[in-house]
Number of protein chains: 2
Amino acid sequence: MHMGMPESDYPDIRELHLFSDMEHENFNALMRGTYLQNFPPQVDLITEGEQSDFLHVILSGSVELSASWNGRETTMATVRPVSTFILAATIKDAPYLMSAKTLEKSRIALIPSLDVRRVFDTDNNFARAIVAELAQCYRSVIKSQKDLKLRTSLERLANYLLRQQHLAKGPQEFELKMEKRRLASFLGMTPENLSRAFKGLQPYGVEVNGNLIRISDQDDLVKFAKPFSLIDDYSI
Amino acid sequence: MHMGMPESDYPDIRELHLFSDMEHENFNALMRGTYLQNFPPQVDLITEGEQSDFLHVILSGSVELSASWNGRETTMATVRPVSTFILAATIKDAPYLMSAKTLEKSRIALIPSLDVRRVFDTDNNFARAIVAELAQCYRSVIKSQKDLKLRTSLERLANYLLRQQHLAKGPQEFELKMEKRRLASFLGMTPENLSRAFKGLQPYGVEVNGNLIRISDQDDLVKFAKPFSLIDDYSI
DNA sequence: TACATTTCTTGATCTGGATCAAACTCACCC
DNA sequence: GGGTGAGTTTGATCCAGATCAAGAAATGTA
């Protein structure tokens with residue numbers, strides 16, 4: 001681990017909506033204290049319940065956010081570049097509510113929470129950017145909550161596939177970006193059931209081949225899934 | 001409905017963490033455009049999908065936030081005085097993700113979203129207060145999500161009762177503040193099942209009499225419920 | 001290449017919780 | 001007081017999804 005960011009990583013972070021409007025001075029102050037590290041897969045970055053020491057920015061790879069209770073565990077979200085995670089805990093100086101671990105080899109910037117809070121207190125543009133980011137995060141969780149409470153697991157899977165297809169710019173064929181067992185946990189079901197759910201979507205034109213998904217009858221799937229902007233559109 | 005807030009309601013709102021640190025000037029500007037209204041029970045205040053016109057502050061009574069999809073409906077939360085709701089939609093100028101309706105006769109302040117966004121852009125203390133509020137809201141939803149994904153309905157009910165007892169300052173006996181069918185929906189179950197779940201908690205010392213709950217064996221219930229700060233403590 | 005380990009799938013069974021139906025309770029109102 | 005209608009409870013049944021068990025496939029490793 002080394003202190004201070006190499007020049008080459010500045011732009012990626014600076015471009016993030018969260019940092020793009022802040023004072024140069026303040027951004028540089030943040031970066032001076034920032035650690036950059038390459039992590040191998042399966043490394044625990046954060047354990048739920050611990051105090052927030054760093055705001056994390058994922059520059060490459062992927063990170064899983066999970067939570068556990070009473071011996072059970074569930075996947076809450078997967079984070080992909082370029083974005084931050086556990087912003088709320090950092091701002092509130094509160095314990096993490098989720099654990100985080102790398103899924104693949106990942107490059108991650110660690111910005112000391114103390115610095116984030118200090119700059120937050122002085123840089124108004126940064127404070128405003130944080131509001132936008134938090135509002136976005138809040139609305140995302142609400143959508144996910146609605147997905148969980150209002151839909152069956154089959155419906156959740158169908159809509160998940162449509163969302164992923166949309167993210168992949170809407171091709172007939174695309175790859176799952178998550179291991180199936182993780183996807184199952186994310187969707188609130190068991191791996192066995194996910195496997196059966198894929199079968200259950202065959203009548204609606206979904207073909208599965210390993211990580212490859214083919215949606216042969218888009219309209220049919222849409223008719224079944226009934227995607228709804230107030231649940232499935234993560235851009236609003 | 002009348003324009004401009006009566007003096008007597010200023011303090012309630014001013015005391016809210018969200019408004020307490022902002023400039024007098026700006027607070028007054030907000031209040032000048034604010035409508036105050038008394039609503040009877042069962043009035044729809046907000047319909048999900050509509051554009052955010054007002055930030056709502058509930059001064060008395062209670063409001064239910066719900067969401068629906070494909071003919072199904074679920075209770076997301078109940079809001080009680082003094083707090084705001086649908087802050088995220090107001091800030092983002094995005095459509096509401098939830099509907100809101102009064103459960104009881106309620107006094108509610110309606111602050112035009114345009115004004116909120118304008119003051120947000122100029123008053124830094126207000127912007128910071130919004131960050132704190134949003135971070136709190138975000139973490140609350142995450143906790144609720146963990147509750148849903150990691151616990152059975154019986155466990156959710158047990159922990160809900162312990163939380164309510166705690167809010168009531170920990171007496172052996174306390175009242176449910178929600179209709180049972182709403183509570184069922186909030187906990188992600190049917191009314192029938194809630195009824196059976198109450199029965200299922202009898203062995204752990206829970207006695208139900210209408211809206212009155214008596215926890216005769218605290219330790220036993222706690223041992224079953226296994227409350228966990230990172231799910232059940234809404235103050236962190 | 002062969003072996004080991006993990007993930008994924010499939011089948012059989014079980015169970016938590018939903019649904020359906022009917023009684024019961026209670027608040028409200030003429 | 002005696003409806004009337006909503007909310008709640010109880011019982012019977014059903015179903016989605018969990019669990020258990022065992023292969024099959026993929027992945028990593030000697």
Side-chain angles (χ1 to χ4, degrees), chain A residues 40-42 64 69-75 78 101 103-105 147-161 175-203 206-213 224-225, chain B residues 40-42 64 69-75 78 101 103-105 147-161 175-203 206-213 224-225:
Chain A
Q42 309 299 330
E64 177 193 51
W69 176 77
N70 196 26
R72 297 166 213 165
E73 189 175 348
T74 190
T75 297
T78 308
K101 81 166 175 221
L103 293 174
E104 324 162 45
K105 189 166 173 302
D147 191 46
L148 266 174
K149 289 187 82 175
L150 291 166
R151 288 171 171 164
T152 65
S153 57
L154 200 61
E155 290 163 345
R156 286 199 295 279
L157 176 59
N159 282 292
Y160 176 83
L161 293 180
E175 279 212 337
L176 289 179
K177 290 183 303 190
M178 224 191 288
E179 241 176 330
K180 286 185 187 166
R181 61 196 212 90
R182 256 172 249 292
L183 175 57
S185 176
F186 175 68
L187 293 175
M189 57 212 278
T190 56
E192 293 96 323
N193 232 308
L194 176 61
S195 194
R196 289 180 190 111
F198 274 122
K199 286 248 160 63
L201 290 181
Q202 271 176 16
V206 174
E207 293 158 42
V208 184
N209 203 312
N211 282 333
L212 215 64
I213 305 292
F224 169 74
Chain B
Q42 309 300 329
E64 177 193 52
W69 176 77
N70 196 25
R72 297 167 212 164
E73 189 175 348
T74 190
T75 297
T78 308
K101 82 167 176 220
L103 293 175
E104 324 163 44
K105 189 167 173 300
D147 191 45
L148 265 175
K149 290 187 81 175
L150 292 165
R151 288 172 170 161
T152 66
S153 57
L154 200 62
E155 290 164 344
R156 286 200 294 279
L157 175 59
N159 282 292
Y160 176 84
L161 292 180
E175 280 211 336
L176 289 179
K177 290 183 303 188
M178 225 190 288
E179 240 175 330
K180 285 185 188 165
R181 61 198 211 87
R182 257 171 246 291
L183 175 57
S185 176
F186 174 69
L187 293 175
M189 58 212 278
T190 56
E192 294 96 322
N193 232 308
L194 176 62
S195 192
R196 290 181 189 111
F198 275 122
K199 286 249 160 62
L201 290 180
Q202 271 177 15
V206 174
E207 294 158 40
V208 184
N209 204 311
N211 282 333
L212 216 63
I213 305 292
F224 168 75

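Just so you know, these numbers use all the heavy atoms, side chains as well, and skip hydrogens, waters and symmetry mates. Each chain gets a letter, A, B and so on, in the order the sequences are listed, and its residues count up from 1.
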Starting from C1' on C:dG17, measure out to CG on B:Leu148 and report it in whole angstrom. 14 Å
Indicate yes or no for a side-chain donor-acceptor contact from A:Lys149 to the backbone of B:Phe186 under 3.5 Å, with no hydrogens or angles considered. yes
Do A:Lys180 side-chain atoms and A:Gly210 backbone N/O form a donor-acceptor pair below 3.5 Å? yes
Where protein sits on nucleotides 17-26 of chain D, one letter per nucleotide: B base, S sugar-phosphate only, - none, heavy atoms under 4.0 Å: BBBB------
Measure the spacing between CD of A:Glu179 and CD of A:Glu64 and express it to the nearest 0.5 Å. 9.0 Å
Would you kindly give the CZ-to-C1' distance between B:Arg181 and C:dA18, to the nearest whole Å? 17 Å
Quickly work out the B:Arg72 CZ to C:dG17 C1' distance and round it to whole Å. 15 Å
Is a side-chain N or O of A:Arg156 found less than 3.5 angstrom from the main chain of A:Arg151, in a donor-acceptor match? yes
Nearest whole Å is fine: how far is D:dT9 P from B:Leu183 CG? 11 Å
So which of A:Leu154, A:Asn159, A:Leu157, A:Asn193 actually passes side chain to side chain contact (heavy atoms under 4.5 Å, CB included) with A:Leu187? A:Leu157
Hey, does B:Thr78 have a side-chain heavy atom less than 4.5 Å from the side chain of B:Met178? yes
Distance check needed: C:dG16 C1' versus B:Glu155 CD, whole Å only. 12 Å
